[in-house]
Amino acid sequence: MFAARLRQVWTSIAGRGRKVLRLPQNSGSPRDIEALALDLASERGEATNMATANAIVQRYGSLAKEQRDPFHLFLAQNFLPDPTRLKAAAEAYLAVPSPDAVAELTLASEPPRRELIRRMNIAPGATALLVGMREALLCGIRNQTELRPLEQDLRHLLTSWFNRGFLELRRIDWNTSAAVLEKVIAYEAVHEIRGWSDLRRRLAPDRRCFAFFHPSLPDEPLIFVEVALCQGLASKIDPLLSAETPGDDFARPDAAIFYSISNCQPGLRGISFGNLLIKQVVEELRAELPGLKRFATLSPVPSFRRWLNEQVAANGQSAILPEERMAMRNRASVGNAKSPTTFLDIDRGEAEHLDGAVKAALQRLLATYLTAANAGKGPEDPVARFHLGNGARLDRINWGANLSDRGMAESMGMMVNYVYEPDMIESNHEQFVAEGRVAYSAEVGDLLLKRKLRGANGRASVHEPQAVDTR
């Protein structure tokens with residue numbers, strides 16, 4: 001009711017402004033939108049600003065992609081800071097770095113383009129338009145670096161507009177609107193949702209799904225997480241994605257497994273919501289289900305295969321130990337492997353039954369990859385960086401956890417559990433952010449032990465990872 005009334009008031013004010021400006025209801029001219037942007041950047045009354053902003057939104061929406069690109073360039077190359085004022089403010093600050101000088105330098109250095117974007121954002125639908133505009137810029141900015149100033153200003157403003165104070169956490173269930181449920185199916189980025197029956201299973205009583213929303217995008221999830229309520233840590237993804245209905249045990253879960261996190265808006269890339277989401281969902285679940293004792297993930301390792309390929313190719317400084325290369329050669333000599341020097345041709349059938357030295361080598365290498373200090377930056381894998389940066393602990397490496405084509409292609413079928421212990425989150429986070437140090441379990445430490453011992457004996461060609469062994 002309030003939103004509808006607010007829209008009526010806005011429409012009334014904008015209508016009066018349209019009459020003052022004599023704006024047509026719509027126009028498809030690409031140049032017309034540039035003139036409107038210049039008008040909006042000038043100092044005018046509230047009614048005329050609202051009418052102009054609305055006209056820009058309507059015209060931008062009517063433009064084809066090839067017509068939008070010149071407008072993006074127009075915004076990026078114009079509306080720059082006043083060089084005379086900026087120079088004077090910088091000189092004043094260098095002479096006397098007072099609070100007043102800092103304030104004037106800040107004001108002088110801000111491009112008028114930001115104020116133009118703020119004024120555009122008063123129109124209905126403008127926030128979604130600006131998120132979409134940044135998505136388009138991110139797709140093309142590698143080939144058009146001159147668009148970077150506009151993209152940076154959009155990121156600056158969107159970061160402010162989408163801060164935690166404006167976000168609303170909602171649980172998504174089967175009673176959620178069909179419009180939102182359809183978007184959950186479309187936006188799922190980790191484990192494809194195959195239609196409505198699959199979605200219904202993922203929203204069953206032993207499952208939870210939570211998403212962040214923004215008031216300006218009420219039916220557009222920004223990010224959502226899917227959770228399975230289990231007994232003990234999950235070690236394989238197939239049971240979590242199974243279409244089978246839950247048994248009696250689901251009523252007594254002791255673990256919440258975060259098995260999929262999907263960012264929904266490419267235009268908000270680089271604006272982090274995931275750490276806030278996980279922490280708030282943990283609190284929601286603890287309040288709803290006091291019997292939950294463990295909060296963990298079952299996570300992919302999307303960059304492991306690429307890293308492993310590099311290690312196979314690099315004999316001298318490779319993380320692969322000599323005896324592990326020998327195990328590869330032995331495997332090739334007795335089997336049907338295509339190459340005597342690679343792990344990379346292991347298929348699903350072999351992974352299901354593989355044991356011994358090759359399996360042990362792959363698990364150790366994955367542990368090595370996920371605990372690498374990398375000169376204080378921590379491991380390169382984006383999923384690992386996300387969870388470790390949020391304060392999780394690398395707890396377990398699961399062999400044969402995801403034998404799908406994607407799972408084999410990314411991480412040789414392995415997945416990992418990251419555990420969130422509420423009392424350790426902050427210290428783990430600080431150690432990772434400050435030094436790239438990874439908190440890991442005794443089980444992961446055992447996988448790394450061979451490498452540590454070889455390093456102590458002076459025979460290994462790689463350095464021991466700087467990590468935090470929670471044993």
Side-chain angles (χ1 to χ4, degrees), residues 164 169 190 206-210 212 223-237 240 250 252-261 272-301 363 366-373 376 378-379 381-398 401 414-449 465-471:
R164 177 63 190 92
L169 181 70
V190 184
D206 64 332
R207 298 285 187 265
R208 296 292 184 273
C209 182
F210 293 90
F212 271 146
I223 184 173
F224 65 87
V225 60
E226 296 170 73
V227 186
L229 304 177
C230 305
Q231 289 190 329
L233 292 188
S235 60
K236 293 182 182 293
I237 194 61
L240 302 188
F250 86 88
R252 298 184 298 278
D254 61 10
I257 306 299
F258 299 79
Y259 65 93
S260 180
I261 301 175
S272 178
F273 308 115
N275 55 346
L276 300 171
L277 178 64
I278 286 181
K279 291 174 183 177
Q280 188 161 346
V281 168
V282 167
E283 294 306 315
E284 292 279 336
L285 292 172
R286 291 175 77 184
E288 179 194 357
L289 300 166
L292 293 178
K293 304 302 181 185
R294 306 190 80 180
F295 300 88
T297 76
L298 183 60
S299 297
V301 192
Q363 289 180 299
L366 182 53
T368 299
Y369 175 57
L370 293 178
T371 58
D381 184 78
V383 176
R385 295 189 62 81
F386 173 78
H387 290 295
L388 296 170
N390 288 342
R393 179 187 74 228
L394 175 60
D395 194 75
R396 192 167 69 185
I397 291 172
N398 301 297
M414 291 181 284
M415 300 182 77
V416 300
N417 297 121
Y418 297 101
V419 169
Y420 285 84
E421 292 185 351
D423 294 340
M424 297 297 296
I425 284 176
E426 293 305 323
S427 60
N428 290 345
H429 163 79
E430 291 297 332
Q431 290 175 122
F432 182 78
V433 171
E435 305 172 44
R437 299 177 69 199
V438 176
Y440 59 78
S441 66
E443 184 174 328
V444 174
D446 288 339
L447 291 172
L448 297 167
L449 186 60
Q466 298 179 8
V468 181
D469 187 344
T470 59
R471 288 182 288 186

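Sequential numbering from 1 along the given sequence is applied to the chain's residues.
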**Report entry** All ring-ring contact (aromatic ring centres under 6.0 Å, His included) counterparts of Phe224, not counting sequence neighbours
**Finding:**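 Listed in chain order: nothing, the list is empty.
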**Report entry** side-chain contact (heavy atoms from CB on, under 4.5 Å) partners of Pro290, counting only residues at least two apart
**Finding:**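 Residues passing side-chain contact (heavy atoms from CB on, under 4.5 Å) with Pro290: none at all.
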Requested in this report: Can you sort out the partners of Phe386 under side-chain contact (heavy atoms from CB on, under 4.5 Å), two or more places apart, ordered by chain and number?
Outcome: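 In terms of side-chain contact (heavy atoms from CB on, under 4.5 Å), with neighbours along the sequence ignored, Phe386 is linked to Ile261, Ile278, Asn390.
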Requested in this report: Test Asn428 against Gln431 for side-chain contact (heavy atoms from CB on, under 4.5 Å), laying out the working first.
Outcome: CA-CA 5 Å; Asn428 290 345; Gln431 290 175 122; 4.0 Å; yes
Can you sort out the partners of [X] under salt bridge (charged side-chain N to carboxylate O under 4.0 Å, His left out), two or more places apart, ordered by chain and number?
X      : result
Glu430 : none
Arg294 : Asp395
Arg164 : none

Measure the shortest side-chain to side-chain distance between [X] and [Y] over non-hydrogen atoms and say whether it is less than 4.5 angstrom.
X      : Y      : answer
Val416 : Leu366 : yes
Arg207 : Glu226 : no
Ile237 : Tyr259 : yes
Ser299 : Met415 : no
Phe258 : His387 : no
Arg385 : Phe432 : yes
Arg208 : Leu285 : yes
Arg252 : Gln231 : yes

Query raised in the report: In Å and rounded to the nearest 0.5 Å, what is the CD1 to CZ distance from Ile223 to Phe212?
Result: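 Taking CD1 in Ile223 and CZ in Phe212, the distance rounds to 8.0 Å.
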If every non-hydrogen atom of [X] is compared with every non-hydrogen atom of [Y], which pair is closest and at what distance?
X      : Y      : result
Leu388 : Ala439 : CD2-O, 4.5 Å
Ser235 : Arg396 : CB-NH2, 3.7 Å
Cys230 : Ile257 : SG-CG1, 3.9 Å
Ala234 : Leu240 : CB-CD1, 4.1 Å
Val438 : Pro379 : CG2-CD, 3.8 Å

Requested in this report: Check the pair Leu370 / Asp381 against side-chain contact (heavy atoms from CB on, under 4.5 Å), numbers first and verdict last.
Outcome: CA-CA 7 Å; Leu370 293 178; Asp381 184 78; 4.2 Å; yes
Query raised in the report: Under the 3.5 angstrom rule, does the side chain of Thr297 hit a backbone N or O of Asn417 as a donor-acceptor pair?
Result: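 Absent.
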Query raised in the report: Do the side chain of Arg437 and the main chain of Gly378 share a donor and acceptor less than 3.5 angstrom apart?
Result: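 No; judged by distance alone, with no hydrogens or angles, the pair does not exist.
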Query - side-chain contact (heavy atoms from CB on, under 4.5 Å) between Met414 and Ile397, worked out - result: CA-CA 7 Å; Met414 291 181 284; Ile397 291 172; 4.0 Å; yes
Requested in this report: Let me see the working for Asn398 and Leu298 under side-chain contact (heavy atoms from CB on, under 4.5 Å), right down to the final yes or no.
Outcome: CA-CA 9 Å; Asn398 301 297; Leu298 183 60; 3.7 Å; yes
